[in-house]
2 protein chains.
Amino acid sequence: MTHRDQLLQAAVRVYAEVGYRGATTRRIASEAGVNEITLFRHFGSKDALLREAINRAEDAVVEPALPEAPEAPFAEVLEWARRYIVGLRERRALIRTCMGEIEEHPGLIPPEGSPPAKAAKALCRYLRRLRDLGHAKADFDESAASALLMGALFADSMGRDVIPDMYSNQPEEALREYVRLFLRGIGVEQSDPAGDA
Amino acid sequence: MTHRDQLLQAAVRVYAEVGYRGATTRRIASEAGVNEITLFRHFGSKDALLREAINRAEDAVVEPALPEAPEAPFAEVLEWARRYIVGLRERRALIRTCMGEIEEHPGLIPPEGSPPAKAAKALCRYLRRLRDLGHAKADFDESAASALLMGALFADSMGRDVIPDMYSNQPEEALREYVRLFLRGIGVEQSDPAGDA
DNA sequence: CCCCGTAGCAAGCGCCTGCTTGCATGCCCT
DNA sequence: AGGGCATGCAAGCAGGCGCTTGCTACGGGG
């Protein structure tokens with residue numbers, strides 16, 4: 001791995017932990033195992049380094065997929081939600097920091113086509129097919145419905161370790177219950193609410 | 001208003017905007033309209049000032065109430081959700097900053113009985129009565145159900161101004177749809193899904 | 001063999017940080 | 001009138017910040 005990549009990785013790591021002001025060039029360079037001057041020779045400034053590092057980290061996010069042709073809604077949505085929430089949990093330190101600083105440093109985060117927006121689009125399309133194929137019998141708005149489920153997954157992944165009073169149940173059981181409630185909300189009769197995915 | 005209160009108010013305001021490291025004692029004092037030295041004479045240190053300011057701001061949060069005896073679930077939950085999301089939106093800068101720094105400065109936020117945990121408890125109790133009284137006919141877990149709705153409200157209030165792609169619908173219409181989906185999910189037949197609260 | 005790009009080291013620049021000291025000023029209560 | 005108390009001003013401390021300069025060392029391709 002080149003020094004450049006070491007610096008980029010250390011930069012996201014440190015930024016996720018201590019934010020923009022806390023991520024000093026000395027500390028990033030130290031965590032990357034290179035000299036601070038090498039940082040400036042490669043990126044010119046702290047701002048440019050952090051911008052590139054965060055953009056790269058965001059581009060590396062892989063969104064879970066939903067089948068084009070729905071067959072078993074409960075299993076499919078559960079599996080999608082599980083993958084989605086795992087991704088959120090893994091990146092939660094970075095997400096939290098970005099959320100806290102997005103108003104102060106909007107330039108650090110690429111403006112359009114962010115991961116949650118892409119995931120919402122995919123879920124919306126799946127829900128539309130679900131209704132068109134007669135699996136979802138209720139009258140509902142797909143974008144609000146996907147925001148409901150994704151919002152619950154987001155809040156769970158961000159809050160579970162911080163507000164234990166509120167999330168005292170088991171993560172996996174909570175996940176299944178979210179999906180159960182959600183599918184019932186859009187009018188899906190569930191095939192196997194107790195089985196595995 | 002005493003200088004002490006001016007300092008406390010300026011401290012939360014500046015902290016919400018620029019975080020712990022950005023909230024310098026000079027800036028807080030300047031925004032409060034008092035001398036920096038007065039800050040140290042009153043609170044001793046920046047840390048003590050911020051701790052007291054944030055604790056006080058959190059104590060001042062008033063949670064919306066739910067009726068003890070459910071009568072019109074849709075109207076009642078909608079009104080509660082509306083008040084709850086309004087509170088979140090008003091405090092969203094502070095909430096975002098706290099979220100981003102809770103791992104680094106856990107001492108700033110009082111550990112137990114945080115506002116969302118209290119709200120979740122209240123909603124859980126309401127949902128239990130809803131089921132006991134036969135209004136909610138589905139088999140569901142109250143704590144997961146309340147986490148579902150509250151998570152959606154939380155994510156909406158935090159993300160609407162930041163991910164416009166995902167929240168392109170109108171806030172009020174989205175809110176009604178969250179409540180509609182949620183109530184259908186717990187097995188409530190809705191009385192007036194189109195009427196006002 | 002030498003040359004050039006990449007790297008490190010030591011030092012430092014001006015600025016900001018939290019916090020302190022010394023002293024003067026005003027106001028309220030008695 | 002006078003004594004205390006809260007406040008302000010000027011100045012400064014040591015330390016950290018982003019970033020720069022000058023110089024040296026290495027290692028592969030002409």
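First the proteins, then the strands, lettered A, B, ... as listed; each starts at 1. Values in this document were obtained by computation on a predicted structure and should not be read as measured data.
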Figure out the [atom1]/[atom2] separation between [X] and [N], and round it to whole Å.
{"X": "B:Phe40", "N": "D:dT7", "atom1": "CZ", "atom2": "P", "value": "15 Å"}
{"X": "A:Lys46", "N": "D:dG18", "atom1": "NZ", "atom2": "P", "value": "4 Å"}
{"X": "A:Phe43", "N": "D:dC19", "atom1": "CZ", "atom2": "P", "value": "13 Å"}
{"X": "B:Ile28", "N": "C:dC16", "atom1": "CD1", "atom2": "P", "value": "17 Å"}
{"X": "B:Arg27", "N": "C:dC19", "atom1": "CZ", "atom2": "C1'", "value": "20 Å"}
{"X": "B:Leu7", "N": "D:dA6", "atom1": "CG", "atom2": "C1'", "value": "13 Å"}

Minimal non-hydrogen separation, A:Leu175 against A:Ala81, with atom names: CD1-CB, 3.9 Å
For residues A:Ile28 and A:Ala10, report the shortest heavy-atom separation together with the two atoms involved.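 That closest heavy-atom pairing would be O-CB, 3.7 Å.
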Candidate pair B:Lys118 and A:Asp165, rule side-chain contact (heavy atoms from CB on, under 4.5 Å), full reasoning: CA-CA 9 Å; B:Lys118 284 193 287 185; A:Asp165 302 9; over 6 Å; no
Spatial distance of atom CD1 (B:Ile95) from atom CZ (B:Phe154) [nearest 0.5 Å]: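 CZ of B:Phe154 is found 6.5 Å from CD1 of B:Ile95.
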Near B:Asp47 CG, under 6.0 Å, is it more than 12 heavy atoms from other residues, nucleotides or ligands? yes
With a 4.5 Å limit on heavy-atom distance, are the side chains of B:Arg125 and B:Lys121 in contact?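 No, too far: nothing below the 4.5 Å cut-off.
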Ionic contact status for [Y] with [X], cut-off 4.0 Å:
{"X": "B:Glu142", "Y": "B:Arg129", "answer": "no"}
{"X": "A:Arg89", "Y": "A:Asp161", "answer": "no"}
{"X": "A:Lys46", "Y": "A:Glu36", "answer": "no"}
{"X": "B:Glu172", "Y": "B:Arg82", "answer": "yes"}
{"X": "A:Glu17", "Y": "A:Arg13", "answer": "no"}

If the condition is ring-ring contact (aromatic ring centres under 6.0 Å, His included), which residues does A:Tyr20 pass it with, not counting sequence neighbours? A:His105
Who pairs with A:Tyr84 by ring-ring contact (aromatic ring centres under 6.0 Å, His included), at least two apart in sequence or on another chain?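 Partners of A:Tyr84 by the ring-ring contact (aromatic ring centres under 6.0 Å, His included) criterion, ordered by chain and then number, come out as A:Trp80.
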Taking protein heavy atoms under 4.0 Å as touching, what does nucleotides 6-12 of chain C look like 5' to 3' if B marks base contact, S marks sugar-phosphate-only contact and - marks none? -BBBB-B
Using C1' atoms of five pairs at each end, report the bend of the helix from C:dC1-D:dG30 to C:dT30-D:dA1 rounded to 10 degrees. 10°
Near DNA chain C, under 4.0 Å by heavy atom, which residues of residues 11-25 of chain A? none
Looking at residues 48-57 of chain A, who's got a heavy atom less than 4.0 Å off DNA chain C?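 The stretch gives none, as no residue of it lies under 4.0 Å from the strand.
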